[in-house]
2 protein chains.
Amino acid sequence: MAIKDRKEREKLDKRKLIIESATRLFLEMGYEKTSIRTIADDIEYSPATIYLYFKEKDEIFFVLHEQGFDILNKEFATLGSIKDPFKRLAAMGKAYLDFAFKNPDYYDLMFIMRAPLTEIACHDKWEAGDAAISHLFKGVSECIDQKLIRDGDVFMISMTIWSYVHGVASLHIRERFKSVKESGDGEIQKMLKTSLDYFLAGLKV
Amino acid sequence: MAIKDRKEREKLDKRKLIIESATRLFLEMGYEKTSIRTIADDIEYSPATIYLYFKEKDEIFFVLHEQGFDILNKEFATLGSIKDPFKRLAAMGKAYLDFAFKNPDYYDLMFIMRAPLTEIACHDKWEAGDAAISHLFKGVSECIDQKLIRDGDVFMISMTIWSYVHGVASLHIRERFKSVKESGDGEIQKMLKTSLDYFLAGLKV
DNA sequence: TTGAAATATAAACAGTGTTTAGTATATTTG
DNA sequence: CAAATATACTAAACACTGTTTATATTTCAA
């Protein structure tokens, strides 16, 4: 059944074509302007065709959301060489914020938007997110073992750290810091760097 | 010119009518389902009429966003009686999270959505937000003066605290905690309470 | 009473995600 | 090889969205 195989390959190729178009449009024009019709236009097929390869728009953006996690997880993976778990945790915090500031659209999809949420719920395991979170768990758990940070439940402390960095990232992306105190991007960036240090110091025993 | 006065009153009355309808629909059905047409239907006018009283949809939601801040600021005001600035800060953190969990739609509008942002930029002072933030500034500044928390720039520390509580609130509202570890709402609530205590302890000298 | 100003709306514009019904092509079967 | 079937695709429609425009009606001042 070589023909069936080829057909399957072609089906996957078209899915890939759609995803590649969606990715480019998304990164160039943002979420709002990446509509089914603009993707269809881009790949020179009718909008209805896209629905032969994806159940709904969110299924496309779920794939993009996974791409974002791939980038973040790769960043985290490079920090594995840092032996001191607290220094590694600090580096992860910095890497997380760098990722958010450099890829605000991906960050939005991954942590702020409701868009891919129905899809996340479908796959009962949030694999993309789990990989990133387990890096955090590992760091926190080692810090506790070596008594580098104040004792407490690993999950609770991990969520505390995630909450802080997510708060910084999302308030910055949604421009709430600028609303509070009008200042240049550089100033805010500097303040946030100091803030991360201040937060991390608070974790120490 | 009594007639002109009456006309002005009537104009404000209709604005109020629109806002009241928008508020009810927003709280009952959420942001997505509160469209210009559903509001128009509700107040028994045509959609075009709404544009005689509001420049755009966001102008309506900017008013709702201000309503949210009124509620939050009232909560903060009741905490003014707490003399110990650190205890007051802790109470404010709890109040902030309580507000977010009880009024997720308002919270969304105030701190997560892009919707009222163009309007925020128009009014060059973000009055609604400023009132809330200045409560925080005051608390932080008093804590530093009395050496109750680690020294540092007032603005930076305030943003650190805001980032943490906003992170908790927004990750919870957008259901990212549930994605990480499937657990009941009660469990998460308890964990987050412990997390707040853990975070606050980290601020202390 | 007449003319101007204010108020309201039907209808249209341009866009969205999604579905349906129908066509053209490719493949399998008798 | 021809007929039947399965696949791939799309035009057009559906039900929405925010917003604008041209038109009609009402209200008030001169």
Side-chain angles (χ1 to χ4, degrees), chain A residues 1-19 21-22 25-26 29-65 108-109 113-119 122, chain B residues 1-19 21-22 25-26 29-65 108-109 113-119 122:
Chain A
M1 280 292 163
I3 289 169
K4 219 169 198 175
D5 287 6
R6 195 205 67 210
K7 289 247 164 178
E8 232 163 84
R9 259 197 337 268
E10 282 175 358
K11 190 128 200 166
L12 284 174
D13 280 356
K14 197 138 287 165
R15 253 187 91 100
K16 208 177 154 194
L17 184 72
I18 293 166
I19 289 294
S21 166
L25 291 171
F26 173 67
M29 334 266 271
Y31 179 83
E32 305 279 271
K33 300 213 164 170
T34 308
S35 68
I36 296 294
R37 278 172 180 82
T38 58
I39 298 171
D41 256 33
D42 188 56
I43 61 173
E44 296 177 297
Y45 279 86
S46 85
T49 301
I50 292 174
Y51 286 89
L52 299 174
Y53 299 90
F54 293 91
K55 194 179 113 272
E56 56 191 3
K57 200 196 173 188
D58 281 2
E59 198 180 326
I60 299 175
F61 281 92
F62 178 74
V63 178
L64 296 204
H65 138 283
D108 216 316
L109 222 49
M113 293 192 131
R114 274 196 231 276
L117 224 76
T118 51
E119 282 298 320
C122 282
Chain B
M1 280 290 164
I3 290 169
K4 219 168 197 175
D5 287 6
R6 196 206 67 210
K7 288 246 165 179
E8 232 164 84
R9 258 197 338 268
E10 282 175 356
K11 190 129 199 163
L12 284 174
D13 280 357
K14 195 139 287 167
R15 253 186 92 98
K16 209 177 153 194
L17 183 72
I18 293 166
I19 290 294
S21 166
L25 290 171
F26 172 67
M29 334 265 271
Y31 178 83
E32 304 279 272
K33 299 212 164 171
T34 308
S35 70
I36 296 295
R37 278 172 180 82
T38 58
I39 298 171
D41 257 33
D42 188 56
I43 61 173
E44 296 176 300
Y45 280 87
S46 85
T49 301
I50 292 174
Y51 286 88
L52 298 175
Y53 299 91
F54 293 90
K55 194 178 113 273
E56 56 191 2
K57 200 197 174 188
D58 281 1
E59 199 180 326
I60 299 175
F61 280 92
F62 179 74
V63 178
L64 296 204
H65 138 283
D108 216 316
L109 222 48
M113 292 192 132
R114 273 196 231 276
L117 224 78
T118 53
E119 282 297 318
C122 282

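Treat the numbers as computed from the prediction; the structure is a model and nothing was measured. Naming convention: chains lettered A, B, ... in sequence-line order (proteins, then strands); numbering from 1 in each chain.
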Write down the distance between [atom1] ([X]) and [atom2] ([N]), rounded to a whole number of angstrom.
X: Ile39(A); N: dG15(C); atom1: CD1; atom2: P; answer: 16 Å
X: Tyr51(B); N: dA12(C); atom1: OH; atom2: C1'; answer: 14 Å
X: Ile50(A); N: dG17(C); atom1: CD1; atom2: P; answer: 9 Å
X: Asp58(A); N: dT16(C); atom1: CG; atom2: C1'; answer: 13 Å
X: Ile36(A); N: dA13(D); atom1: CD1; atom2: C1'; answer: 17 Å
X: Phe54(B); N: dT7(C); atom1: CZ; atom2: C1'; answer: 16 Å
X: Lys57(B); N: dT17(D); atom1: NZ; atom2: P; answer: 9 Å
X: Asp41(A); N: dA11(D); atom1: CG; atom2: P; answer: 11 Å

Is Tyr53(A) touching bases, backbone alone, or none of the nucleic acid, heavy atoms closer than 4.0 Å?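 Touches sugar-phosphate only.
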Base, sugar-phosphate, or nothing for Thr49(B), non-hydrogen atoms under 4.0 angstrom? base
Report the nucleotide, chosen from [options], that has the shortest atom-to-atom distance to any side-chain atom of [X].
X: Tyr45(A); options: dC9(D), dA10(C), dA8(C); value: dC9(D)
X: Arg37(A); options: dT16(C), dA10(C), dT17(D); value: dT16(C)
X: Leu52(A); options: dA10(C), dT10(D), dT18(C); value: dT10(D)
X: Ser46(B); options: dT19(D), dT9(C), dT10(D); value: dT9(C)

Should Ser35(B) be listed as having a side-chain N or O under 4.0 Å from OP1 or OP2 of dT17(D)?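 Yes, because at least one side-chain N or O of Ser35(B) sits under 4.0 Å from OP1 or OP2 of dT17(D).
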Quick check on dC9(D): is either OP1 or OP2 less than 4.0 Å from any side-chain nitrogen or oxygen of Lys14(A)? yes
Drop me the distance from Glu32(A)'s CD to Thr38(A)'s OG1, to the nearest 0.5 angstrom. 11.5 Å
Any idea which heavy atoms bring [X] and [Y] closest together, and the distance?
X: Met113(A); Y: Leu109(A); answer: SD-CD1, 3.6 Å
X: Tyr45(A); Y: Thr49(A); answer: CD2-CG2, 3.9 Å
X: Asp58(B); Y: Ala115(B); answer: OD2-O, 2.6 Å
X: Ser21(A); Y: Ile43(A); answer: CB-CG2, 3.5 Å

Sorted by position of nearest nucleotide on DNA chain C, 5' first, the leading residue of Glu32(A) and Ala48(A) is Glu32(A)
Between Lys55(A) and Thr38(A), which is nearer to the 5' end of DNA chain C once each is assigned its nearest nucleotide?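 Whichever sits nearer the 5' end wins; that is Thr38(A).
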